[in-house]
Participant: 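The structure's right below; bear with me while I get my questions together.
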Amino acid sequence: MKIIVCYKWTLDEADIRVDAATRAVLKERAKYRISPYDRNAVECGVRLAGKSGGEVVALSVGTAELGNSAKDILSRGVTRLAWLGCQELEDADAAGTARALAAAARKIGDYDLIVCGEGSSDSYSQQTGPRLAELLDIPVVTCASEISLDGSRLTVKRKLEEGFEITETTLPALITVLPDINEPRIPGLKEILGASKKPAERFSAEDLGLDPETLKPLARRDSLLGTATDRRRIVLKGEGAAAELLTILKQEGFC
Amino acid sequence: MYDLTQEEQLIIQSVREYAENVMAPAAKEADVTGEFPWEVINKGIELGLHALSIPEEYGGPGMSALMSAVISEELSKACAGMATTLGATGLSCYPVLIAGTDEQKKLYFDIIQSGKLGAFCLTEPGAGSDSGSVAATAVREGGEYVLNGNKTFITNGAVASVYTVFATVDRAKGLKGLSAFIVERDRAGVSVGKEENKMGIRASNTTDVIFTNVRIPAGHLLGKEGDGFKIAMKTLDSSRAGVGAQAVGICQAALEASIRYANERKQFGAPISANQGIQFMLADMAIQTEAARALVRHACRLQDAGQPYGKEAAMCKTFAGDTAMKVTTDAVQIFGGYGYSRDYPIEKLMRDAKIMQIFEGTNQIQRVVVAGHILRP
């Protein structure tokens, strides 16, 4: 069995600051890490392969910076890493990312299952997984919170807003997973120290038959500013305060 | 840190995740009940955190002294008691690392790496700082040694699967009779005595260990007969920076909690951190913590570089231990009544800090070691 697990190398948003005066987004202190839901995807693939035997290929696409993720991802139980690094993928949108991932998945070939996180911690568009499945022409099941595999039949419990749905599909297929699906492992010392001995293959766009220009985002970003919520800071005092509050709330359309 | 490899940074990331998500949530209950947190410790063992110093050729992670100290600090920040359990296994490995043959190393390290804990058995009721007074005996009978004696204050006493034990082959020889042995827990005659009900590091297990006519193969003697004192001293030299690092971890926990609290706690209409009196306390805590950390890491770097480090190891253990006591006392002061309450995690830090001045050589003995170094002609 060959499982591909996809991951995104994102900035840790907890360390991103917004300058109060200019609203400029300050990324200097933020470090890259594997997007949290993708850690669930990796864990899901590794556990399935552990039960059924076979290999787990970690796959990602991005700029050259992505190379720094190799030891981290390879310490999490996967068999090997394949990644595409090209500058055109800087600020890639879900369409470009899916196109690049699809070409890489075809190059890896013979996959039975592809596991993605439900969304990335930076943009959380929830599009990359379904787009990738469409490009590869395989079924996709999103919002997976539990899975079980019986031969080539995959049963998925989907967590939806109004309840659960159990669905079945045959392999090859793609699933996107929610964090409920598992508790990702903490890599041990030996796994970390052994990571550099595992194979890591870097593809170029040419290797995958891709025109790098087609990977660029379709939309153009003119600026990036942090959001700022301006509070009214209205303080009501004295006897008529409650009535006055009610009037204001009505004016604002809250009641 | 500025001088870590990518692997080392990833290791620290894993250690932090374990400390914050696995250890810290279990710390209070283990402290209150004194029950041994097997689930947490087993997870640490799974990650390899009990076997840091075992070399790569024996299947271990072969961590440098510096990395071991950084790891120890991170763990102790979450729970010094649990960090002590993992660290004491490392301590028990040192006599084997220092004096063991290839076969002995395989024997001991295989047990540890199969997921077991170890314990270092030197202290006796009548032999604490004065290791020369060890009364436990080892008598050679054919191809075996027969061990008899009582050890006390043994960290991991009841939870270890293997011990490094110090006993004398000839009491008349004093220090020169002291010898070191590997003893498996399941040998006939090994038993566990009273468990200490401790003031701090209550998540760790401390017991008497009793050896009654315990027969071990002669091949379990580490080094030669009479090498015991040398092995014990080298072991304690090697482990002192680790204790210093534990103390620094406690300091850091106290400092961070104090900064948070001083910013949140409002009195007279302002956070108490607006008062210069509190600011100076926090600044002093930060200065002392950083100085202790620098001294610990300096001793480790000397050790890793293969240079003499005995003096610096004693200095850092003493300074960091004393600093932990001071910094945690100040943290309790900043928290005021809440600091004194067992509902808040601050008083635990103060109780945990105290042992850092006592175990693995009291800070008075450390000063004897330092004086010995600086007065040497």
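As a basis for the values below, the full set of heavy atoms in this structure was taken, side chains included, without hydrogen atoms, waters or symmetry mates. In what follows, chains carry the letters A, B, and so on, assigned in the order in which the sequence lines appear, proteins first and then strands, with residues in each chain numbered from 1.
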Participant: For Arg301(B), I'd like to know if atom CZ has over 12 heavy atoms of other residues, nucleotides or ligands within 6.0 Å.
Facilitator: yes
Participant: Quick check: under 4.5 Å, non-hydrogen atoms only, which of residues 5-14 of chain B neighbour chain A?
Facilitator: Gln6(B), Glu7(B), Leu10(B), Ile11(B), Gln13(B), Ser14(B)
Participant: More than 12 foreign heavy atoms under 6.0 Å from CD of Glu29(B): is that the case here?
Facilitator: no
Participant: Are more than 12 heavy atoms, taken from residues, nucleotides or ligands other than Arg29(A), located less than 6.0 Å from that residue's CZ atom?
Facilitator: no
Participant: I'd like to know whether CD of Glu57(B) has more than 12 heavy-atom contacts from other residues, nucleotides or ligands below 6.0 angstrom.
Facilitator: yes
Participant: Partners of Tyr124(A) by ring-ring contact (aromatic ring centres under 6.0 Å, His included), sequence neighbours excluded?
Facilitator: Tyr37(A)
Participant: Which residues in residues 70-85 of chain A have a heavy atom less than 4.5 Å from any heavy atom of chain B?
Facilitator: Lys71(A), Asp72(A), Arg76(A)
Participant: If you look only at distance, which donor and acceptor atoms sit under 3.5 Å apart when one is on a side chain in residues 183-190 of chain A and the other is two or more places apart or in another chain?
Facilitator:
residue, atom, partner, partner atom, Å
Arg185(A), NE, Glu43(A), OE1, 2.9
Arg185(A), NE, Glu43(A), OE2, 3.4
Arg185(A), NH2, Glu43(A), OE2, 3.1
Lys190(A), NZ, Gly59(B), O, 3.0
Lys190(A), NZ, Gln113(B), OE1, 3.4

Participant: Within a radius of less than 6.0 Å around NZ of Lys234(B), do more than 12 heavy atoms belonging to other residues, nucleotides or ligands occur?
Facilitator: no
Participant: Using a 6.0 Å cut-off, check whether atom NZ of Lys43(B) has over 12 heavy atoms from anything other than its own residue.
Facilitator: yes
Participant: Mark yes when over 12 heavy atoms from residues, nucleotides or ligands other than Lys198(A) sit less than 6.0 Å from its NZ; otherwise mark no.
Facilitator: yes
